[in-house]
Amino acid sequence: MAKRIEASNVSSYYGSFKAIDSVSMTVEPKTITALIGPSGCGKSTFLRSVNRMHEVLPGARIEGSLTIDDQNIYDPDVDVTAVRRMIGMVFQRPNPFPTMSIYENAVAGLKLNGVKKKAILDEAAEKSLRSANLWDEVKDRLDRPGAGLSGGQQQRLCIARTIAVEPQVVLMDEPCSALDPISTLAIEDLMFKLKDRFTIIIVTHNMQQAARVSDKTGFFSIDKTGDPGRLIEYDDTQKIFSNPAQKKTEDYITGRFG
Amino acid sequence: MGDYPSRSVNSTAGDLSVTPRHAQGAGYGGSPSNFDEPPRGGGGALPKKARFSIEAGFRGLSTASGAMVLVIIVAIAVFLISKAVPALQANTGNFLTQFEWAPNDTQPSFGIAALAFGTVLSSIIALVVAVPIALSIALFLSHYAPKRLATPLGFVIDLLAAVPSVVFGLWGRDVFQEPVRDFSIWLNKYFSWIPLFGGDGPFGQSIMLGGLVLAIMVLPIVTSLSREVFQQTPGMNEEAALALGATRWEMVRTAVLPYGKPGVIAAVMLGLGRALGETIALALTLSVAFDISFNLIENGGNSVAANIANSFAEANDTGRGALIASGLVLFAITLVVNMTARAIIYRRREFRDAAA
């Protein structure tokens, strides 16, 4: 299931503005990689480049190459929808479809992929909601609106929706920033559980979270506003948080930056 | 204006010798140079509540405006009924089933069925033609067209809404009738086995011409309202669909259309309201007939509003009462349509409210 991602010299642009400058990193299968760094340093842009969501914005493009198990995802012949199905994404703010019930949200991705048989959908809904640690809380009200759940539940519903299509990689863009500590803990537990099946990359502003959940950590930074973001250091989480190689990384994780 | 005792002249901004009624929050006090003055948060005794204030005045104003709507509705209903009843009593025919309109005779005889049928049929034609086109344009403007193109095109659509209906009516009668007649003849030639397109002519000034002119009039309303609704789809829901591997059209189907559905229904109902009530455009394009016929292309057709416009000038007392009775029926039709629309919107209200 899980696949290896290799980025080499990835630069992303918004029109003429260069948001990140030649980022290279390798993400091994079935690991959690955390991306940390100050706001505006390009970590979300990099994350969105990995499943080609970056190019949704007008004028956005990237240079360099991104491969998933040696397949170039930016190959002109590659179907972009297939890439996004393979590399799922969970967003910063919970975004269940407001017009859909919990059940419909959970199977929305499958329906998009043309699955129509009720039995398969039912099974997938239960499996993904169970995987997202949400089943017990919602099994009696699957036909209720998804947007009526609490913020933490909504985010887990979004995770369920993402993993229901059985992607290889799950990208998470600050998935806990809108949640309280208890919901955050629930999602972190969930990430450990999902690690057995998926490769996970998470962007977070919470350094404790990065230290708690990730195997590897990448630190992004910018010199000043308007400059492109760069990957300063990428190493085992253990090493980044105890003995970083770069002075900038040390300054950031100890709170002395700027 | 002596009714505002506690709204003292001293309570203007800048003069702080009297406690201001609008506290600005503690800690927001003046500069150190005027320690003598009380802080803006209010010092000294708490001021009395104003008995007459802008607040109360505005509340009264908005309550009165709300009540006025009810008064107007009731007044209209009373007017319509009081004028209609004597005419209905004088009617020698059956108001619901009679296929003629002769209320000015000494033995008045008139029936609403043909008029109501024409109104509804022409409106249905208008919606069937206009709504798919309008929704396509709205989606194109909101989700497909580049901004450079969408803005001027949207403006042109809005401009179409500003054209007076009498202009549409004249254009329909003098210009649009030709192509519609040719098209009708073509339809009649090849599809006359469908009752809708049967008949022996003459063609042209038909319910189809009226319906198509109505469609053009309804189009801009439905388009611009639907576009507004589609544009309000939360970007994060569109991104969620795309991230699940949706194509653009699948994204529209998953996120945009369901989100916009209540708004689209409202837009269609507004369009239907305009079509049902449209008077002069139909009076100019239809050739008067009093029967119920599903034939769309033969000369004929009529509508409640068009009939009122055509017959009001020559009507006597009973005639006017009869026309007002027909107006009452139109009123009832639009009421039913609107209530149906509301019911559809309310049915999934739970999902709307949760999303807010």
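Keep in mind that what you see is a predicted model, and the values were worked out from it rather than measured. Numbers restart at 1 for each chain; the letters A, B, ... are given by sequence-line order, proteins then strands.
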Give, as side chain, backbone, both or neither, the part of [X] having an atom under 4.5 angstrom from any heavy atom of chain B.
X	value
Pro58(A)	neither
Phe91(A)	side chain
Arg52(A)	neither

**Item:** Spacing of Arg161(A) atom CZ and Leu244(B) atom CG [to the nearest 0.5 Å]
**Value:**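 The CZ atom of Arg161(A) sits 5.5 Å away from the CG atom of Leu244(B).
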**Euclidean distance, Leu112(A) CG relative to Thr254(B) OG1, rounded to 0.5 Å** =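 So the OG1 of Thr254(B) and the CG of Leu112(A) are separated by 4.0 Å.
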Is the number of heavy atoms from other residues, nucleotides or ligands within 6.0 Å of [atom1] ([X]) greater than 12?
X	atom1	value
Glu123(A)	CD	no
Lys127(A)	NZ	no
Ile182(A)	CD1	no
Tyr14(A)	OH	yes
Arg253(B)	CZ	yes
Glu63(A)	CD	yes

**Request:** Quick one: do Lys261(B) and Thr99(A) satisfy side-chain contact (heavy atoms from CB on, under 4.5 Å)? Show the steps, please.
**Result:** CA-CA 10 Å; Lys261(B) 193 171 136 194; Thr99(A) 53; over 6 Å; no
**Request:** Can you tell which part of Glu239(B) gets under 4.5 Å to a heavy atom of chain A, answering side chain, backbone, both or neither?
**Result:**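 Both backbone and side chain.
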**Prompt:** Looking at Pro234(B), Gly235(B), Ala241(B), which makes the most heavy-atom pairs under 4.5 Å with chain A?
**Reply:**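 Ranked by heavy-atom pairs under 4.5 Å with chain A, first place is Ala241(B).
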**Prompt:** With distance as the sole test, does Asn95(A) use its side chain to make a donor-acceptor pair with the main-chain N or O of Asn237(B) at under 3.5 Å?
**Reply:**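 Side chain of Asn95(A) to backbone of Asn237(B), a donor-acceptor pair under 3.5 Å: no, none is there.
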**Asked** Should the pair Glu250(B)-Lys111(A) be classified as a salt bridge under the 4.0 Å nitrogen-to-oxygen rule?
**Response**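 No.
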**Nearest heavy atoms of Arg85(A) and Gly245(B), plus distance in Å** =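 For Arg85(A) and Gly245(B), the tightest heavy-atom pair comes out as NH2-O, 3.6 Å.
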**Heavy-atom pair with the smallest gap, counting every atom of Met89(A) and Ala243(B)** =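 It is CB-CB, 4.0 Å.
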**Request:** Check whether any side-chain heavy atom of Pro258(B) lies under 4.5 Å from a side-chain heavy atom of Phe97(A), and answer yes or no.
**Result:**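 SC-SC contact between Pro258(B) and Phe97(A) ruled out.
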